[in-house]
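Quick note on labels: first sequence line is chain A, next is B, and so on, each numbered from 1.
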2 protein chains.
Amino acid sequence: MFDTGGTMAARRASRRHFIKEGAVFAGGLAGGMAIGANAASGQGLGAPRPGGVVDHPMAYGERSRFVQTVRTPMTMIGHIDLHGHPDGLDARTPLSELTGTITPSALHYVSSHGNNPPDIDPREHRLMVYGMVDRPLVFTMEDLTRLPSVTRTHFIECIANSPRPEEKTLDEMHGMVGCSEWTGVPLSVLLDEVGVKDGAGWVLSEGAEATKLGASMPLGKAMDDVLVAYGQNGEPIRPHQGFPLRLVVPGFQGKYHVKWLQRIKLVDRPYITYWEKHSYTKRQGSRRTGPNRMSNSHVAGAGAYFMEQGPKSVITFPSGEQRLPGRGYYTLTGLAWSGSGTVRRVEVSTDGGRTWTDAKLQEPLQRIALTRFTLPWTWNGEEALLMSRCTDDQDQVQPTADEFPDFWGTSGAPHGNQIQPWRVASDGTVHNAV
Amino acid sequence: MFDTGGTMAARRASRRHFIKEGAVFAGGLAGGMAIGANAASGQGLGAPRPGGVVDHPMAYGERSRFVQTVRTPMTMIGHIDLHGHPDGLDARTPLSELTGTITPSALHYVSSHGNNPPDIDPREHRLMVYGMVDRPLVFTMEDLTRLPSVTRTHFIECIANSPRPEEKTLDEMHGMVGCSEWTGVPLSVLLDEVGVKDGAGWVLSEGAEATKLGASMPLGKAMDDVLVAYGQNGEPIRPHQGFPLRLVVPGFQGKYHVKWLQRIKLVDRPYITYWEKHSYTKRQGSRRTGPNRMSNSHVAGAGAYFMEQGPKSVITFPSGEQRLPGRGYYTLTGLAWSGSGTVRRVEVSTDGGRTWTDAKLQEPLQRIALTRFTLPWTWNGEEALLMSRCTDDQDQVQPTADEFPDFWGTSGAPHGNQIQPWRVASDGTVHNAV
């Protein structure tokens, strides 16, 4: 899907410089320019508006008082105990109560690795790009908003988003995924500006939070489709999602999407950071050694870890703990996604996998984005076992629980993309059948 | 683009009934079923969660305290004085401060025709579809969420969204537009359920607000792509946007997208409602008589009115009252849209229209949706006149101010889709040059 840096020399020769040699933007770096509500940033950052406006009910529209959907705070996320914090700094997306494919920013899942979001003044925030580069650079937020920008819709999913038999609801089992419209600067633009030196093959990124989550990705991925994002669903990224700046690494597991991004270092090998060593490395060997799946041979002695999320789908209605009020017509609906590309097909079974019917996919089909599917279903009032199965444009097929170890090459793969069965009892109640 | 009902008989013969004859869903209508947080609706409507959760900072993520972007309340919208209300019940989208193409629901423009949003309990809300139909039906919200649903991204724009020389900012002149991911039931599904009688050619819709905005659309449009929407950007539509139910009439001017929707009546002719007569009817004749532009011949004596919005684009950065901090590299960016289809091309001029360069369009290109465009620009520090020009997939080209009367067939057309010029002065300040 991408090279690992072999063509960097060619890229450097032809690259376009947005920034003059020896200086970034005139005035941009020296004093940390103030970003006013109508300044170049276009981000509405700065001093509050004249008195009274913010408190006007028209200023920022609220939800109906009848809409009570919230994220449920957790003291730990998934089974990774090191994330735990007694105040509950993580939370899952309430997938079962959402429509469409965009996750409202206020309800997007949160994995904070034990941190409250840093309270960052965007006028003071800096991103440093350094390491094996021709000229290290420091960017202000205003510098970044002047550079070429792109907008793309992508999901982000925690590697630990896995169903377990003892859990009951869709949100408990699959709520560590969200999908947003991200806007930002392609990381490739920044790397072209600094000039990547020969021999650099990996990119290490680091956030501003107390425990400084870091993640290594291959240079090829960094040059391909990674965003340094400042916008989410039309507005500045919210604090829980990394305000004012985060990486979006399409298709890679959540930890790569480093929040509160402040440093990007070009290096010659994958670093195994504190978090990668303790929480994201599996000791089992993997038979799966594509470019986005690091094998033992890459990290001798540290075990394998995974980057790219597999093809996955879940039926969101009906799902665990919901109840069908009676027999009759329903619209089954759910979400499908793949870290490797575009969802090409979703099949649904209402008889436990004996027969499958193609669901309707909501267009436009977007690469590495949540994709809504629907299927008409008339429930006859008898017990039913509902399942969905995703196929992506790389011809990867979502595995059953039995096929799961073979799909990943290990029984210990953390990404829970096995088919999720829901059992509809004859009284209409819906149950997790993992 | 659509017929006006001629094929309804054929459609009726082959249509699929989701609802049994003589009754809607079992139990659905009798008592107005409660919709709990995990009930079939999937909308999270109902009683608050157990104590304390909503107040937890993780429950519903807030913006950074450094992000102060708000809508500015207005006592009137555009130049239509009848909308006026001293408390300011209308507001414009702060387009100049947004990224990407999705408008955050809390910042979407509001045109309320003098009403505060009705405080509607969704468990009590009903939609009646009646008039020239075989069997009138009343739908609860739960009924609607059980029917086939689709998700589509569309803009909505007020017909009065026009630039004026005395206005200064992008938001003042063009802020009555927003773009959302809408989820709902195709209106065609509901019309198939009730059975449209021969002779019915128009659809009249009405909201629950005190002044009961009504709008007539041709049956052909209603059967084509209109949504009865309950979801906006992943969550239930917010009160200012029509909670719990609104029409989305893609490409038609804002007033057709009736909020707080409670009645749909099949009729045999266009009704000229109170609002249409007072605010949305132009006395001038129109030479433009496509299927979506009603001419004098349709409404004798009432003058022409317009339905479908024209092709339009605006540069959002840099725009009026912003200031470039100095010469050098910038990314020009803006939004383009058309009520007739998909944006195919946006050209940008930095020399007042003498030369034009194709901007890059953000994919995926979506029908009747805001489309982000960008263009690299190195400002040399001299005065510049910036313009953008949209061409849609119907080969319609956004007109200059001079071409505007000819485009619409009248000098009095209310939709301000003429090219918006911004003058960049040598000190970097940006000014409206309409």
Side-chain angles (χ1 to χ4, degrees), chain A residues 18 25-27 38 40 42-45 48-49 53-54 56 58-61 63-64 66-71 73 88 91 97-104 106 121-122 146 148-149 151 181 183 231 233-236 238-240 243 317 321-322 325-326 328-331 362 364 366 372 374, chain B residues 18 25-27 38 40 42-45 48-49 53-54 56 58-61 63-64 66-71 73 88 91 97-100 102-104 106 121-122 146 148-149 151 181 183 231 233-236 238-240 243 317 321-322 325-326 328-331 362 364 366 372 374 376:
Chain A
F18 300 101
F25 306 104
N38 279 311
Q43 282 201 76
L45 310 173
R49 298 298 181 85
V53 172
V54 174
H56 193 285
M58 195 61 56
Y60 198 75
R63 302 191 291 178
S64 162
F66 295 99
V67 178
Q68 301 284 345
T69 301
V70 292
R71 298 186 291 216
E97 302 180 11
L98 302 182
T99 60
T101 61
I102 292 289
T103 306
D121 182 340
R146 285 175 63 171
S149 61
T151 295
E181 187 199 70
T183 296
N233 298 334
E235 62 182 4
R238 296 194 172 200
H240 284 117
F243 180 83
F317 173 80
E321 301 291 289
Q322 294 178 335
Y329 179 88
Y330 292 91
T331 300
Q362 186 59 56
Q366 297 194 75
R372 177 65 64 175
T374 57
Chain B
F18 300 101
F25 306 104
N38 279 311
Q43 282 200 76
L45 310 173
R49 298 298 181 83
V53 172
V54 174
H56 193 285
M58 195 61 56
Y60 198 75
R63 303 191 291 178
S64 162
F66 295 100
V67 178
Q68 301 283 345
T69 301
V70 292
R71 298 186 291 217
E97 303 180 11
L98 302 182
T99 60
I102 292 288
T103 306
D121 182 339
R146 285 176 64 171
S149 61
T151 294
E181 186 199 71
T183 297
N233 297 335
E235 62 182 4
R238 295 194 172 200
H240 283 117
F243 180 82
F317 173 80
E321 301 291 288
Q322 294 178 335
Y329 180 88
Y330 292 91
T331 300
Q362 186 60 56
Q366 297 194 74
R372 177 64 65 175
T374 56

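Take B:S64 and apply the side chain to side chain donor-acceptor pair (under 3.5 Å) test, not counting sequence neighbours, and it matches no residue. Residues meeting the side chain to side chain donor-acceptor pair (under 3.5 Å) test with B:T103, sequence neighbours left out: none.
Rounded to the nearest 0.5 Å, atoms OG1 (A:T101) and CG (B:N233) are 9.5 Å apart. Within the model, atoms CZ of A:R63 and OH of B:Y60 stand 4.0 Å from one another, a figure rounded to the nearest 0.5 Å.
For the residue pair B:Q362 and A:T151, the shortest heavy atom distance occurs at NE2-O, 2.6 Å. Shortest non-hydrogen contact noted between A:T99 and B:E181 is O-OE1, 4.1 Å. B:T331 and A:R146 make their closest contact through OG1-O, 2.9 Å (heavy atoms, listed as atom of the first residue, atom of the second, distance). Nearest approach of B:G234 to A:P104, heavy atoms of both residues: C-CG, 4.1 Å. The two residues A:F243 and B:V67 come nearest to each other via the heavy atoms CE1-CG2, 3.5 Å.
The closest donor-acceptor contact from the side chain of B:R71 to the backbone of A:M58 lies under 3.5 Å.
The part of A:T183 that comes within reach of chain B is its side chain, from C-beta onward, which places non-hydrogen atoms under 4.5 angstrom from that chain.
Counting heavy atoms from C-beta on, the side chains of A:Y329 and B:P148 come closer than 4.5 Å.
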